[in-house]
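Working notes for the structure below.
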Amino acid sequence: MKIDSLRFSYKRHSPPVLEDITTAFYQDKLNVIVGLNGAGKTTLLDVITGVHTVNGFTPPFEEGEIVYQLQGIFMPNVLKGRDVVRLILKSDSTSPFKVLKDHFVQDLADREKEMLDQLWDRKIGDMSVGERRWLLIRSISQLNRKLYIFDEPTAGIDPDARTYIMEALSKLVQKRNTLVIMSTHILHELEYINCHINFLHKGKMLYHGDYDRFLKINGTKNPDTAFRNFIETDGEKVSDIGS
Ligand SMILES: Nc1ncnc2c1ncn2[C@@H]1O[C@H](COP(=O)(O)OP(=O)(O)OP(=O)(O)O)[C@@H](O)[C@H]1O
């Protein structure tokens with residue numbers, strides 16, 4: 001999927017939140033949108049999914065082909081873990097819930113199975129932020145869609161559970177005909193992932209390319225230092241080298 005010279009403002013005469021965005025998203029990689037708070041990551045995801053309409057860009061996917069995990073969870077707090085899993089898995093299939101659940105559990109690592117057991121009868125309102133997000137994202141990963149969008153899927157999640165989430169997203173990338181896009185602030189989690197980084201800064205796409213090159217042009221092996229260097233120079237080094 002390509003985006004060419006995209007521009008978006010929330011109000012007609014207000015300054016653009018996204019300006020001259022040109023990039024591509026790839027089916028064989030995890031596409032990651034990176035940037036500071038307020039950089040425009042969610043706005044870009046909203047444009048891609050058709051939540052916001054923009055002249056000159058037609059979202060290439062129908063609504064039914066997309067699953068979009070938002071940062072918040074808009075479900076009643078009284079729902080229990082098992083209700084959340086049922087709601088999500090049954091939204092895609094008429095198979096009995098037991099079959100869907102067995103299939104879901106097979107896909108989980110041992111610690112994830114323990115987490116699922118613990119959360120099964122717990123109300124959403126009583127779960128920790130990370131537990132809630134893990135449950136939702138792991139359930140969503142079971143759905144069959146063409147476009148999967150995850151808005152900061154690993155925010156507030158411990159490093160162990162974060163690894164399981166990143167593995168689940170990598171598995172989605174390996175499925176045929178799927179496009180997977182996520183946003184994050186955490187570059188560390190991308191170290192061992194086959195990913196394509198899109199670095200948004202002040203509404204502009206200042207870098208798109210692979211992870212190792214991003215570190216290299218910022219002269220460090222530490223992703224946090226690379227992130228900071230990049231922001232401090234407004235991506236100058238990339239412009240020098242060319243993307
Ligand atoms: N509905 C809206 N009306 C006007 N401005 C908005 C609206 N939604 C977002 N913005 C502004 O657009 C800019 C980009 O917001 P966006 O939510 O896309 O950033 P983000 O990169 O996802 O940030 P974060 O990492 O904090 O989630 C911000 O300055 C934000 O205040």
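Just follow the structure's listing: the first ligand is 1, and inside any ligand the first atom is 1. Only heavy atoms go into these numbers, but all of them, side chains included; no hydrogens, no water, no symmetry mates. Numbers for residues simply follow the sequence, beginning at 1.
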- Whether Gly35 lies under 4.0 Å from ligand 1, heavy atom: no

- Is ligand 1 less than 4.0 angstrom away from at least one heavy atom of Lys11? no

- Message: Please confirm whether the ring centroid of Tyr68 lies under 6.0 Å from the ring centroid of Phe150.
- Response: no

- Is the distance between the ring centroids of His201 and Phe230 less than 6.0 Å? no

- Query: Less than 4.5 Å apart, any side-chain heavy atom of Leu30 and any of Ile181?
  - Reply: no

- Out of Thr43, Val47, Leu44, whose heavy atom is nearest to atom 16 (P) of ligand 1? Thr43

- Task: From atom 28 (C) of ligand 1, work out which of Pro16, Ala39, Gly38 has a heavy atom at the shortest distance.
- Result: Gly38

- Relative to the ring of Trp120, is the ring of Phe97 parallel (under 30°), tilted (30 to 60°) or perpendicular (over 60°)? parallel

- Task: Classify the ring geometry between Phe214 and Tyr207 as parallel (under 30°), tilted (30 to 60°) or perpendicular (over 60°).
- Result: tilted

- Do you see a protein non-hydrogen atom under 4.0 Å from atom 31 (O) of ligand 1? no

- Message: I want to know if ligand 1 touches Val17 in the polar sense, i.e. an N/O pair below 3.5 angstrom.
- Response: no

- Item | Atom indices of ligand 1, in the order listed, that fall short of 4.0 Å to a heavy atom of Asn37 | 23 (O), 24 (P), 25 (O), 26 (O)

- Counting each atom of ligand 1 from 1 as listed, which ones have a heavy atom of His185 under 4.0 Å away? 25 (O)

- Query: Among protein heavy atoms, which lies nearest atom 25 (O) of ligand 1, and at what distance?
  - Reply: Lys41 NZ, 2.7 Å

- Query: Taking Glu19 for the side chain and Pro16 for the main chain, is one N or O donor matched with an acceptor at less than 3.5 Å?
  - Reply: no

